[in-house]
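What follows is one structure encoded as structure tokens, with my remarks underneath.
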4 protein chains.
Amino acid sequence: MTTPVSAPRRLGRPRDATRDADILRAARDELAERGYERMTMSGVAARAGAGKATVYRRWASKAELVIDAVACGSRGIAPEDVPDTGSLRGDLRALHDLKHRDEGIWQALAGLVSELPHAPELAAVVDERLVRPRVALVRALLERADRRGELIPGVDVDLLAGLPPAMIAYRLLVSGEPLDDEFLRAVTDRVLLPLATGGRRSSAS
Amino acid sequence: MTTPVSAPRRLGRPRDATRDADILRAARDELAERGYERMTMSGVAARAGAGKATVYRRWASKAELVIDAVACGSRGIAPEDVPDTGSLRGDLRALHDLKHRDEGIWQALAGLVSELPHAPELAAVVDERLVRPRVALVRALLERADRRGELIPGVDVDLLAGLPPAMIAYRLLVSGEPLDDEFLRAVTDRVLLPLATGGRRSSAS
Amino acid sequence: MTTPVSAPRRLGRPRDATRDADILRAARDELAERGYERMTMSGVAARAGAGKATVYRRWASKAELVIDAVACGSRGIAPEDVPDTGSLRGDLRALHDLKHRDEGIWQALAGLVSELPHAPELAAVVDERLVRPRVALVRALLERADRRGELIPGVDVDLLAGLPPAMIAYRLLVSGEPLDDEFLRAVTDRVLLPLATGGRRSSAS
Amino acid sequence: MTTPVSAPRRLGRPRDATRDADILRAARDELAERGYERMTMSGVAARAGAGKATVYRRWASKAELVIDAVACGSRGIAPEDVPDTGSLRGDLRALHDLKHRDEGIWQALAGLVSELPHAPELAAVVDERLVRPRVALVRALLERADRRGELIPGVDVDLLAGLPPAMIAYRLLVSGEPLDDEFLRAVTDRVLLPLATGGRRSSAS
DNA sequence: TGCTAAGCGAGACGGTACGTCGCGTCTTCGG
DNA sequence: CCGAAGACGCGACGTACCGTCTCGCTTAGCA
């Protein structure tokens with residue numbers, strides 16, 4: 001969550017922690033149903049059975065709410081959640097199986113993108129909450145493979161780690177094509193693996 | 001232009017074609033100065049010395065105006081504009097030199113992205129006017145290279161042609177990093193060329 | 001008509017005089033159907049099968065068109081059209097019979113009233129074309145009665161002549177009540193005649 | 001006020017009653033300065049320091065706002081505010097002294113008149129708020145005079161009570177002449193009194 | 001147990017962009 | 001040059017949404 005604050009004072013009625021989850025769920029649903037532009041803060045509040053003030057007490061703007069609504073949906077995947085299959089190819093496959101329902105994120109990102117150039121701190125949050133975790137995930141798998149000696153020496157791990165997010169974002173946001181299995185396989189087998197491991201070795205010796 | 005229609009009738013005063021250009025220029029300037037969200041139709045009309053009705057007579061919404069404003073800005077680059085340097089690497093380099101000021105496009109795309117999933121015909125126009133020309137450009141260079149025998153046999157040209165737009169869009173829209181020369185060189189030398197031509201051969205040496 | 005202009009030059013195609021009548025009729029119909037505010041110049045032109053320029057070439061504004069549309073509807077009644085019945089009461093009765101379809105005028109006046117304080121020349125036209133003829137009519141009948149010796153000596157003929165228009169305008173524009181026969185009879189028998197002739201004399205009995 | 005509604009529910013933030021007065025005053029000022037057509041809702045809101053939504057939350061249209069703006073301006077004069085001078089003539093004189101600044105009302109009425117035939121409920125409000133109180137005022141004075149025995153037996157009080165409003169409205173709205181003292185004196189001394197009391201008796205006897 | 005500050009749902013607030021429509025002018029065509 | 005058609009600049013209209021503020025009520029925690 002973006003909203004710890006953990007103020008040292010605790011006068012008056014404490015915040016009802018259950019509202020956070022209701023509001024975030026409402027935000028995610030409205031976002032999925034209507035898209036970023038047509039989703040309204042009043043609509044989110046109403047769907048959550050909350051008042052607008054309760055929403056704004058927790059999130060400073062529509063953009064920040066959306067970030068959290070979306071970030072907390074896939075908070076789960078840490079590098080260590082991806083099982084070590086012994087090969088980069090197997091690890092990437094396992095990752096894809098884990099993030100089967102990550103798609104809502106991109107819907108949200110769509111609405112935020114227009115604000116990023118004019119709101120640096122918003123961009124920072126998006127980077128930190130949405131972008132970096134995904135890049136880091138791939139990067140961790142690449143480093144794991146490097147320790148196994150799979151990678152071509154001198155390969156630019158940062159550049160490669162950014163490729164899957166970029167390709168996925170472009171496909172969903174711009175092309176509008178679905179994130180089907182064939183595409184995900186192409187990303188790993190025809191882009192990432194060749195660049196990272198050179199030829200076809202993969203798990204084979 | 002999105003608005004030819006080429007109506008066969010010619011009753012009444014014809015549209016003043018000079019207004020189109022004025023409005024599109026005004027739209028592009030406002031967009032660059034203020035960003036998609038903060039750009040207003042009144043502002044565009046005023047800067048163009050036009051009335052709002054004149055703008056809305058030509059474009060049904062802000063989104064459609066922005067598409068055209070942006071699409072007509074880089075209409076210029078056709079595959080044959082890129083000189084044949086004899087190698088894929090040289091051709092891509094030449095392309096980068098040509099599109100030095102293409103960046104405004106992405107600023108516009110930023111604002112449109114949130115609307116695409118809910119406006120299929122808008123998505124179609126974006127695809128046709130913004131996305132496809134850029135993909136086709138790279139694709140044409142790849143096919144030229146293939147005719148020279150540079151490409152790995154069986155390589156997925158469509159997949160590769162989409163990589164530069166995806167990486168550029170992601171960098172500008174999401175990461176917010178600049179399109180510097182180092183990045184563009186990395187895209188070609190460390191991603192596209194290895195995938196397309198395998199190792200280092202190219203035709204040279 | 002307000003539009004003589006009667007320019008001494010006659011170059012080019014002369015104006016099609018039939019358009020005047022068509023436009024005026026269209027204006028009167030639109031006015032009756034939709035009221036002043038909702039009547040539009042485009043609508044009038046379209047109904048008349050004319051272009052807006054043709055309308056504006058003849059009348060400088062909506063208000064002036066409406067004045068003419070309405071004034072030419074009751075242009076007919078001149079003082080000498082009212083038969084001399086031998087008594088003021090009879091003359092007024094005869095007048096009422098003549099102006100049975102004068103009502104459209106007031107509908108038009110309704111829309112003009114809001115402009116009068118800010119458009120003196122418009123007010124002058126309204127006065128000259130709509131108000132004065134009606135006042136003059138009553139005034140003529142009063143003077144005719146005076147020559148017959150019916151009037152109280154020293155009575156203010158101007159004041160009295162303005163009473164029927166004022167009462168009719170108020171009833172139609174403000175009260176919204178119909179111009180029924182009972183009301184018209186009250187205006188003459190219970191207001192105008194008592195004030196003009198004192199008691200009950202008139203010439204009769 | 002037209003907007004009591006006196007809803008039995010009291011959820012949410014209650015309307016700020018001070019905004020009503022501010023907006024009405026702003027509306028009256030704009031109306032007086034610029035006239036009905038040229039007065040704008042944005043201008044009223046801005047002058048009141050309010051947002052347009054706050055205005056439209058209370059009044060559904062420009063016309064309704066103007067009615068209230070104008071009606072609440074002269075709410076003050078009740079029949080009992082007019083001192084009993086002992087004669088109809090004296091009472092009417094006292095009335096004229098009271099309503100010295102009632103003129104703004106007619107300016108507003110001017111703009112509304114064109115809407116009345118097509119908006120019955122608007123007409124009803126105008127009748128109830130603007131017309132009837134003024135008629136009732138004169139009527140009350142006439143009835144007071146009747147109790148004193150001043151009136152001609154059988155005189156039509158309703159007809160007479162409508163005469164001053166009609167004459168005043170006509171003079172201001174149509175003739176455009178000022179409401180000077182001479183005119184007001186003529187209305188009472190040469191129209192109303194003769195019709196109501198017959199000859200010249202008035203208080204003398 | 002009763003006080004008090006802060007939480008809550010609801011919705012009014014100031015502001016501002018949207019997209020529509022009407023006015024009165026201007027510009028094309030054909031007659 | 002007239003006439004139909006309709007585009008033009010301008011600007012008001014009424015709606016919607018954002019983010020803030022304010023109402024009356026409820027709910028802890030301290031006394």
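Note on naming: letters A, B, ... go to the chains in the order of the sequence lines (proteins, then strands), and numbering restarts at 1 for each one. What's counted below: heavy atoms across the whole structure, side chains too, no hydrogens, waters or symmetry copies.
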Name the closest nucleotide to the D:Arg19 side chain, picking from E:dG14, E:dG7, F:dT15. E:dG14
Using a heavy-atom cut-off of 4.0 Å across all strands, would you classify D:Ala60 as base, sugar-phosphate, or nothing? nothing
Interface residues of residues 40-51 of chain D with DNA chain F (non-hydrogen, below 4.0 angstrom): D:Thr40, D:Met41, D:Ser42
D:Arg58 and D:Asp16 have their tightest heavy-atom pair at NH2-O, 2.9 Å
Contacts of C:Arg25 that satisfy side chain to side chain donor-acceptor pair (under 3.5 Å) - sequence neighbours left out: none
Any residue meeting side chain to side chain donor-acceptor pair (under 3.5 Å) with A:Arg13, in chain and number order, not counting sequence neighbours: none
Quick check on DNA chain E: between C:Tyr36 and D:Ala53, whose nearest nucleotide comes earlier from the 5' end? D:Ala53
My understanding is that only residues two or more places apart in sequence, or in another chain, count here; which of them pass side chain to side chain contact (heavy atoms under 4.5 Å, CB included) with A:Ala123? A:Leu116
Nearest-angstrom distance from the residue atom CD of A:Glu30 to C1' of F:dC17: 14 Å
Side-chain N,O (D:Arg34) to OP1/OP2 (F:dA12) below 4.0 Å: no
For A:Lys62 and F:dT20, what is the distance between atoms NZ and P respectively, to the nearest whole Å? 15 Å
Going by side chain to side chain contact (heavy atoms under 4.5 Å, CB included), name the residues that satisfy it together with C:Glu128, two or more places apart in sequence or in a different chain. none
Nearest-angstrom distance from the residue atom CE of C:Met39 to P of E:dC23: 8 Å
Does E:dC13 have its OP1 or OP2 closer than 4.0 Å to a side-chain nitrogen or oxygen of D:Arg58? yes
Passing candidate, side chain to side chain contact (heavy atoms under 4.5 Å, CB included) with A:Ile23, options A:Thr18, A:Thr54, A:Asp68: A:Thr54
Name all residues meeting the side chain to side chain contact (heavy atoms under 4.5 Å, CB included) criterion together with A:Thr40; count only those two or more places apart in sequence or in a different chain, and write none if there are none. A:Ser42
Between F:dC13 (P) and D:Glu64 (CD): distance, integer Å: 14 Å
Could one point to a donor on the side chain of C:Lys52 or the base of F:dG6 with an acceptor on the other under 3.5 Å away? no
What is the separation between atom CD1 on C:Ile23 and atom P on F:dA4, rounded to the nearest whole Å? 7 Å
Can you figure out which of E:dG19, E:dG14, F:dC10 approaches the side chain of D:Thr54 most closely? E:dG14
For each nucleotide in nucleotides 23-28 of chain F, reading 5' to 3', give B when a protein heavy atom comes within less than 4.0 Å of its base, S when such contact involves only the sugar-phosphate, and - otherwise. B--BB-
Nearest-Å distance, CG (D:Asp16) to P (F:dC21)? 15 Å
Taking atom C1' of E:dT20 as reference, at what distance in whole Å does atom CH2 of B:Trp59 sit? 18 Å
What residues, two or more places apart in sequence or in another chain, satisfy salt bridge (Lys or Arg N to Asp or Glu O under 4.0 Å) together with D:Glu33? D:Arg47
Got a sec, which residues hit side chain to side chain contact (heavy atoms under 4.5 Å, CB included) with A:Ala63, two or more places apart in sequence or on another chain? A:Tyr36, A:Ser61, A:Leu112, A:Leu122
Heavy-atom nearest pair, C:Met41 first then C:Lys52, reads O-CG, 4.5 Å
If you compare every side-chain N and O of B:Tyr56 against the phosphate oxygens of E:dG19 (OP1, OP2), does one of them come in below 4.0 Å? yes
Can you tell me the distance, in whole Å, between the CD atom of C:Glu37 and the P atom of F:dA12? 15 Å
